[in-house]
Amino acid sequence: MQALYAQLLVGLINGSFYALLSLGLAVIFGMLNIINFAHGALYMMGAFVAYFLLNLGGINYWWALLIAPVIVGIFGMILERTMLQWLAGLDHLYGLLLTFGIALIVQGVFQNYFGSSGLPYSIPDQLKGGVNLGFMFLPVYRGWVVIFSLVVCLATWFLIEKTQLGAYLRAATENPTLVRAFGINVPRMITLTYGLGVGLAALAGVLSAPINQVRPLMGADLIIVVFAVVVIGGMGSIMGSIITGFALGVIEGLTKYFYPEASNTVVFVLMVVVLLVKPTGLTGRAA
Amino acid sequence: DDKTVKIGVLSDQSGLYADLAGPGSTLAAQMAIEDSGLKAKGWTIDLISGDHQNKPDIGTTIARQWFDVDKVDTIVDVPNSGVALAVNNVVKEKNGVYINSGAATSDLTNAQCTPNTVHWTYDTYMLAHATGQALVKAGGDTWFFLTADYAFGAALERDTTAVITANGGKVVGGVKHPLNTADFSSFLLQAQASKAKIIGLANAGGDTTNSIKQAAEFGIVKGGQKLAALLLFLTDVKAIGLETAQGLNFTETFYWDLNDKTRAFSKRFSEKMKSGAPPTMVQAGVYAGLLHYFKALEALGGNPHDGAKVVAKMKTIPTDDPLFGKGEVEANGRVTHDAYLFEVKKPSESKGPWDFYKLVGTVPGNQAFTPLDKSTCSLLKK
Amino acid sequence: MADEFILETSGLTKEFAGFFAVRDVALKVRRGSIHALIGPNGAGKTTCFNLLTKFLKPTGGQIRYKGQDITAMPPADVARLGLVRSFQISAVFPHMTALENVRVALQRQHGSSFDFWRSKTVLDRFNPRAHELLNDVGLSEFANTPAVEMPYGRKRALEIATTLALDPEMMLLDEPMAGMGHEDIDKIAALIKRISAKYTILMVEHNLSVVANLSDIITVLTRGQVLAEGNYADLSKDERVKEAYLGAGHG
Amino acid sequence: MAEAKLAERPVAAAGAEVLTVNDLQAWYGESHILHGINFNVKAGEVVTLLGRNGAGKTTTLKSIMGVIGKRTGSIRFDNKEIIRATSDRIARLGIAFCPEERGIFASLDVRENLLLPPVVRPGGLPLDQIFTLFPNLKERLNSQGTKLSGGEQQMLAIARILRTGARFLMLDEPTEGLAPVIIQQIGHTIARLKSEGFTILLVEQNFRFASTVADRYYIVEHGKVIDGFANSELSANMDKLHTYLGV
Amino acid sequence: MSALTDDTLPMTPRAMRDEMIVFAVMAALLAVVPFTGIYPFFVMQALCFALLACAFNLLIGYGGLLSFGHAMFLGTAGYVSAHALKVWGLPPELGIVAGTAAAALLGLVTGFISIRRQGIYFSMITLALSQLLYFIYLQAPFTHGEDGIQGIPQGHLFGIFDLSKPTVLYYVVLVGFLAGFLLIYRTINSPFGEVLKSIRENEPRAISLGYKTDQYKMLAYILSGTLAGFAGSLKVFVAQNASLTDVHWSMSGEIVLMTLVGGLGTIFGPVVGAFVIIAMQQYLAGFGQWVTVIQGVIFVACVLLFRRGLVGELAHLLRRSL
Ligand SMILES: Nc1ncnc2c1ncn2[C@@H]1O[C@H](COP(=O)(O)OP(=O)(O)OP(=O)(O)O)[C@@H](O)[C@H]1O
Ligand SMILES: Nc1ncnc2c1ncn2[C@@H]1O[C@H](COP(=O)(O)OP(=O)(O)OP(=O)(O)O)[C@@H](O)[C@H]1O
Ligand SMILES: [Mg+2]
Ligand SMILES: [Mg+2]
């Protein structure tokens with residue numbers, strides 16, 4: 001029983017990465033109608049930027065949490081301005097392929113310069129160590145990850161679903177021309193949104209740097225699972241992807257305990273089941 | 001006689017194994033050609049390299065094309081078991097020479113052995129035996145396995161378990177995790193709960209590095225348990241960092257800082273590497289394998305362009321090279337040489353950027369690898 | 001024919017999360033008539049259509065078509081029984097030519113077309129009939145024009161031609177004149193009049209002169225319920241209809 | 001209250017040209033649609049563009065709004081050249097557009113749809129007046145935008161631009177799909193807006209309706225303005241109208 | 001999928017005569033390959049992928065369904081054929097039949113699950129299904145996990161044609177490819193193809209005309225899967241191995257890439273695309289680490305600069321359907 005609590009908690013921690021990443025994807029899909037395959041690569045960049053900040057600039061983890069998402073976000077906005085912008089109104093397929101290409105380029109370049117086995121990044125001193133919860137030893141850093149990502153997720157949700165800015169964003173997704181004709185600078189808004197989504201990915205990257213190896217392919221391995229989370233939650237649904245992210249972490253954690261061999265597969269089984277029952281995901285609107 | 005030779009280095013140039021093989025293997029092959037001294041004796045030796053991208057069909061297509069079009073005699077390196085086995089068949093079909101250094105699968109010298117294949121450096125059997133035996137003898141008699149859930153992991157776990165029990169140890173539990181798992185905390189919690197003295201990592205690459213890193217986070221080593229990585233390369237240790245990797249036990253058959261000869265070679269090698277890295281055991285294996293191959297050619301007095309014949313010759317000459325020392329190519333194609341159990345140094349003990357290992361023990365070649373009577377190679381059943 | 005009503009509903013109801021878009025509607029459409037469904041915006045006309053053609057599932061009530069209960073039948077089957085609809089927003093196959101648009105419908109008429117091993121030249125036998133239909137709606141010159149490139153009014157006409165190709169017994173037309181210029185309205189009205197000799201037509205239309213000229217009988221819906229039924233002359237004197245729909249200027 | 005606020009605002013002197021379109025040409029991709037449109041709208045007027053299906057009326061409105069990819073010629077609004085301006089800037093100058101296809105947003109509920117267009121200047125219609133005009137909307141406030149009936153969507157499309165305070169409204173077939181009662185109401189609304197100093201450019205198929213609100217007409221055919229006359233000259237021009245439009 | 005059709009598909013009515021001429025030229029060119037000194041194994045491999053891409057194109061270009069899991073057909077047929085040949089010792093023709101039938105069956109099962117999903121959800125559910133299969137194949141004993149099935153005997157087709165002779169094998173693969181290609185071509189230009197097209201254009205309207213669109217999409221899906229499986233079975237004879245790469249999602253991505261590079265919804269595009277990509281993999285191998293970067297650049301360039309694909313752009317220039 002105690003072991004089960006531990007697994008639940010650990011699942012929640014993983015879930016917070018899923019939630020952050022799928023949230024970024026959902027924001028981008030919801031607002032730009034782009035399936036951002038580059039998300040994994042940008043997540044990886046977040047971790048690398050944190051590494052550089054520390055090792056080249058002597059800038060610590062806390063500042064990296066702030067600076068890395070901004071740097072990667074700006075990189076994302078440049079991508080949007082120079083490339084993604086031209087895909088507005090086209091089929092999803094093109095956005096997917098373009099971002100897939102971008103992912104290959106980014107990953108390839110990083111692999112060239114930093115090899116494939118990666119670089120070390122250690123846990124900030126303030127968050128080292130752990131607490132004994134009785135049923136498990138909880139590293140402080142993991143606790144921090146859960147709380148911090150929860151806060152970020154909810155703030156993002158509020159921004160998009162509950163503010164006028166969010167209404168603009170949602171409307172612009174459907175009919176950017178018309179929204180622009182109402183007097184809103186849609187292209188700039190879209191660029192910023194992409195920056196936001198990308199920044200979220202980078203933030204997840206920084207968060208994960210102390211836990212996972214900082215490797216060029218760290219995102220590539222994750223991205224398919226995160227896609228599954230977004231689809232299960234309902235493409236483009238903000239709350240859907242947050243909840244599904246956390247829930248999936250927990251379900252995966254339980255699978256790791258009861259039937260570990262299936263823990264990578266369970267996501268896809270769930271996705272098939274969910275789509276069979278609810279064709280547009282748990283909370284999604286029609287594609 | 002014909003004194004032209006063409007060698008193809010088939011490796012993973014861009015993926016997971018690019019650091020431990022890849023461009024470094026090509027460099028090692030070049031150095032082997034230079035060091036063989038054959039050029040001065042009137043031989044022409046050409047080298048080409050290719051990227052199999054970890055895809056068996058790309059690997060076989062390149063191999064086949066090399067034999068058919070480029071008239072390659074010998075293929076070396078080939079990390080990634082799947083590709084290695086696929087190429088194995090092509091080499092046999094084309095009667096070339098295959099000196100594999102990069103792949104872990106023991107099948108190359110067992111079920112799938114061919115008269116054209118020589119397997120240098122390491123294999124799963126050796127890794128399991130060397131590590132398992134040494135650690136149990138050192139008192140690590142209860143084990144818990146984190147096993148990558150596919151053939152490679154299963155083979156490692158199976159072989160190690162056999163050694164552990166044979167030496168009086170016990171496996172108290174284990175968990176199979178899927179390939180390319182990002183998060184190991186669940187599994188580590190289970191390992192922690194098992195109270196086993198040794199946590200055996202029967203996995204590879206990113207799975208191994210991430211489990212080591214996260215084990216440190218969960219205070220596993222601090223809590224008194226020891227980690228034993230069954231397959232770990234120098235580049236992995238570099239990637240994890242000493243801070244996290246310290247105290248880790250594992251087996252390799254080569255380390256740059258073993259003796260004067262290895263140091264001399266490594267110095268020359270790392271000067272030519274873009275990254276300045278010393279050779280890994282796979283790259284060292286490419287070098288040593290080729291040196292031995294050249295010896296056989298020289299003994300034959302020319303290149304017969306008949307792979308089986310050359311490999312047969314290689315089997316008759318004992319191996320002896322600056323990197324792996326003395327050993328032999330057995331009838332099944334397995335090369336035996338000493339294996340070393342290492343422990344990762346503490347950061348305070350490390351004196352240079354690549355000064356990572358402490359030698360803990362040596363397993364002689366004839367004990368480290370599959371004994372011939374246990375090999376299932378069909379070449380042996382005559 | 002035994003029954004004089006081709007389509008009958010009883011107690012037809014559709015509820016959207018507590019909001020009754022259609023409530024307890026009993027509609028009887030006489031065979032061979034042009035029956036108009038009018039009513040203020042949001043009265044539930046389109047919802048009614050969607051229920052009749054099975055694009056929506058009724059919350060309650062029954063639909064009988066040619067004496068058969070079709071309440072639980074999937075949409076494609078209903079179409080096969082000869083009950084075919086047009087859409088409020090024009091529905092064509094944009095990158096197919098007008099001829100191909102019509103031909104796809106004719107093809108359906110003659111079997112299921114799962115024959116992927118045959119050449120599509122077998123479809124050429126439908127060409128004469130397709131041209132005839134295009135001619136009927138005045139689209140001869142557009143036969144080889146992709147539908148996207150056609151003006152709006154022509155698309156509506158094409159949609160009607162496609163519907164006619166199915167040789168339906170009953171057609172449901174949702175605002176066939178919406179967005180059309182006067183000329184086109186007259187053309188389509190004449191067309192509807194002409195085809196009504198063969199088919200039963202149920203239509204929704206806000207253009208009163210069209211309703212007045214074409215329809216044999218009119219049902220007025222408000223707030224999902226039937227308010228009145230009768231011919232135009234009677235209804236335009238009905239105070240309730242005036243207030244709910246026609247407004248001050250009429251009658 | 002709203003009236004009071006409106007009265008304070010400086011209204012362009014009646015008679016001054018607010019919009020002048022000169023030799024406007026426009027393209028959809030490769031196809032050349034407008035071939036030189038010329039007309040003007042004076043402050044406080046209701047001007048209606050008439051013409052057959054496909055004549056280029058909608059394209060003209062879209063060109064003014066700046067949502068057509070390629071356009072040349074001159075469009076002056078409030079003495080500013082806007083032929084090259086982006087549509088968001090044009091909107092900020094005080095032009096509001098109600099498109100033919102309504103453009104209701106499915107992912108927004110009715111309230112959000114209504115509140116979506118930002119207020120570009122003070123003086124728009126307050127919500128309670130909008131609800132008196134269109135009672136249906138008030139009832140369905142929490143529905144998803146596109147779940148409204150066709151006519152309700154049309155009402156919503158008109159309602160939302162009345163809020164923005166733009167003084168120049170372009171309505172593309174605002175009566176399409178509306179019940180006669182509602183059409184009458186819209187007629188009254190337009191009349192009231194006009195009396196409050198709004199300027200309105202209308203595109204209509206429903207000539208009968210147009211004739212109740214318009215001050216002047218322009219006839220568009222094949223991407224050109226081929227004729228124009230005032231409402232007072234209407235009876236004299238009925239014959240011409242008949243040939244142009246088949247009315 | 002509306003924007004897809006708007007931008008990329010040729011609007012001109014198909015000219016079957018042009019297409020037949022191009023087909024004849026293509027067949028003739030391919031038939032003389034063994035006499036040119038071009039390495040036949042390269043061409044054979046490309047042919048297998050070309051057929052695969054054509055099968056995929058049937059589904060997306062003409063059915064409007066983007067499958068992101070087509071690798072599962074390739075891989076399944078490959079494994080089944082390989083197993084049949086190696087373990088059961090079946091003759092080549094039966095091995096091919098077994099593999100193709102397995103793909104057809106897989107099409108039936110996965111189609112049943114996925115076909116009712118729309119747009120991106122369809123893509124994602126096919127991706128999920130293929131991932132499931134990937135994990136199953138990773139663990140199933142008969143696939144030998146990451147080692148794959150190796151050293152598959154080629155045997156004699158119909159007891160006559162010795163497939164271990166490269167030239168014989170080449171013509172067998174070529175005939176297989178041409179047959180598959182013609183079947184796809186015929187399907188596109190059949191009454192069934194017309195209905196499919198109308199569904200892609202406007203599904204609600206097709207339903208209202210009385211078509212049970214799910215059944216048409218299902219048939220297209222199964223056909224596409226079966227042909228992809230056929231390609232997978234042929235490939236077993238060329239590569240002589242069956243491995244996890246063929247079921248990995250990146251293979252599905254590659255199929256999309258080939259089709260896109262050549263031209264989505266064009267008849268010959270996938271063929272050209274497959275040759276280009278395979279050639280790239282072969283010849284870029286020399287660039288070592290830069291391969292992925294170059295591939296990425298090609299993706300990006302394709303999407304940004306010639307979205308219609310090579311053949312699509314050509315067709316657009318010539319105002320022909322190709
Ligand atoms: N899917 C739905 N969910 C919720 N409400 C709906 C839905 N569809 C329609 N409604 C509501 O049902 C009512 C009837 O809509 P319907 O489209 O049938 O009207 P209509 O009579 O066709 O009107 P119009 O003449 O304006 O087209 C409207 O108030 C509409 O808002
Ligand atoms: N997106 C488009 N691409 C290409 N051509 C178009 C497009 N939209 C409209 N057209 C063409 O431009 C011409 C003018 O269209 P426009 O919509 O301006 O006409 P309109 O006068 O508003 O007609 P209606 O009364 O039918 O609304 C028509 O011939 C139409 O076919
Ligand atoms: Mg309606
Ligand atoms: Mg218009």
Side-chain angles (χ1 to χ4, degrees), chain A residues 26-34 81 85-90 157-193 230 233-241 280-281 283-287, chain D residues 28-29 58 61-69 82 85-121 124 144-147 153 156-157 159-166 168-170 172:
Chain A
V27 168
I28 293 174
F29 179 79
M31 308 303 144
L32 284 77
N33 249 318
I34 282 180
R81 267 293 141 108
Q85 200 188 34
W86 306 109
L87 301 183
L90 292 179
W157 169 80
F158 186 82
L159 177 73
I160 288 178
E161 296 290 344
K162 295 290 157 196
T163 62
Q164 182 70 19
L165 176 68
Y168 291 152
L169 283 170
R170 279 174 288 144
T173 317
E174 275 181 58
N175 189 343
T177 322
L178 185 58
V179 173
R180 193 161 191 200
F182 285 153
I184 294 159
N185 190 337
V186 174
R188 194 204 301 151
M189 194 171 78
I190 286 189
T191 307
L192 287 172
T193 312
V230 178
M235 301 287 300
S237 154
I238 304 295
M239 208 26 140
S241 58
T280 52
T283 55
R285 50 187 151 90
Chain D
Y28 283 113
T58 300
L61 295 197
K62 286 188 175 170
S63 305
I64 296 170
M65 200 65 237
V67 293
I68 295 276
I82 57 170
T86 57
S87 56
D88 51 316
R89 231 182 63 71
I90 296 174
R92 299 258 165 209
L93 289 174
I95 303 184
F97 174 49
C98 173
E100 192 173 19
E101 69 285 349
R102 296 163 188 162
I104 301 302
F105 297 100
S107 53
L108 275 58
D109 62 24
V110 172
R111 186 198 314 275
E112 285 174 318
N113 263 292
L114 192 58
L115 300 181
L116 185 77
V119 171
V120 290
R121 43 187 73 181
Q144 188 193 324
T146 45
K147 294 264 166 84
Q153 293 188 24
L156 179 55
R160 69 178 167 198
I161 60 166
L162 297 180
R163 257 191 69 252
T164 63
F168 186 91
L169 309 183
M170 299 197 292
D172 197 349

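Here is how names work: the chains are called A, B, and so on, in the same order as the sequence lines, proteins then strands, and each is numbered from 1.
When all heavy atoms of D:Glu112 and A:Glu161 are compared, the pair lying nearest together is OE2-O, 4.4 Å.
Both the backbone and the side chain of D:Pro118 come within less than 4.5 Å of a heavy atom in chain A. Residue D:Arg89: no heavy atom, backbone or side chain, is found under 4.5 Å from chain A. Looking at D:Ile104, only its backbone comes within 4.5 Å of chain A, counting heavy atoms on both sides. For D:Ile161, the part sitting under 4.5 Å from any heavy atom of chain A is the side chain, from C-beta outward, and nothing else. Looking at D:Ala166, there are no atoms closer than 4.5 Å to chain A (heavy atoms on both sides), in backbone or side chain.
In terms of non-hydrogen atom pairs under 4.5 Å with chain A, the most contact-rich of D:Pro99, D:Ala96, D:Pro117, D:Gly103 is D:Pro117. Of the listed residues (D:Leu116, D:Val67, D:Leu108, D:Thr164), the one with the most heavy-atom contacts under 4.5 Å to chain A is D:Leu116. The residue among D:Ser87, D:Gly145, D:Ala91, D:Gly66 with the most heavy atom pairs within less than 4.5 Å of chain A is D:Ser87.
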Sequence neighbours excluded and cut-off under 3.5 Å, please list the side-chain donor-acceptor pairs for residues 175-182 of chain A, or say none.
residue: A:Asn175; atom: OD1; partner: A:Leu178; partner atom: N; Å: 3.2
residue: A:Arg180; atom: NE; partner: D:Asp88; partner atom: OD1; Å: 3.0
residue: A:Arg180; atom: NH2; partner: D:Asp88; partner atom: OD1; Å: 3.2

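D:Gln144 pairs by the side-chain hydrogen bond (donor to acceptor under 3.5 Å, both in side chains) definition with D:Thr146, D:Lys147, not counting sequence neighbours.
Remark: side-chain polar atoms of A:Gln164 are paired, donor with acceptor, to backbone N or O of D:Leu115 under 3.5 angstrom.
D:Asn113 CG to A:Arg170 CZ: the interatomic distance, rounded to the nearest 0.5 Å, is 10.0 Å.
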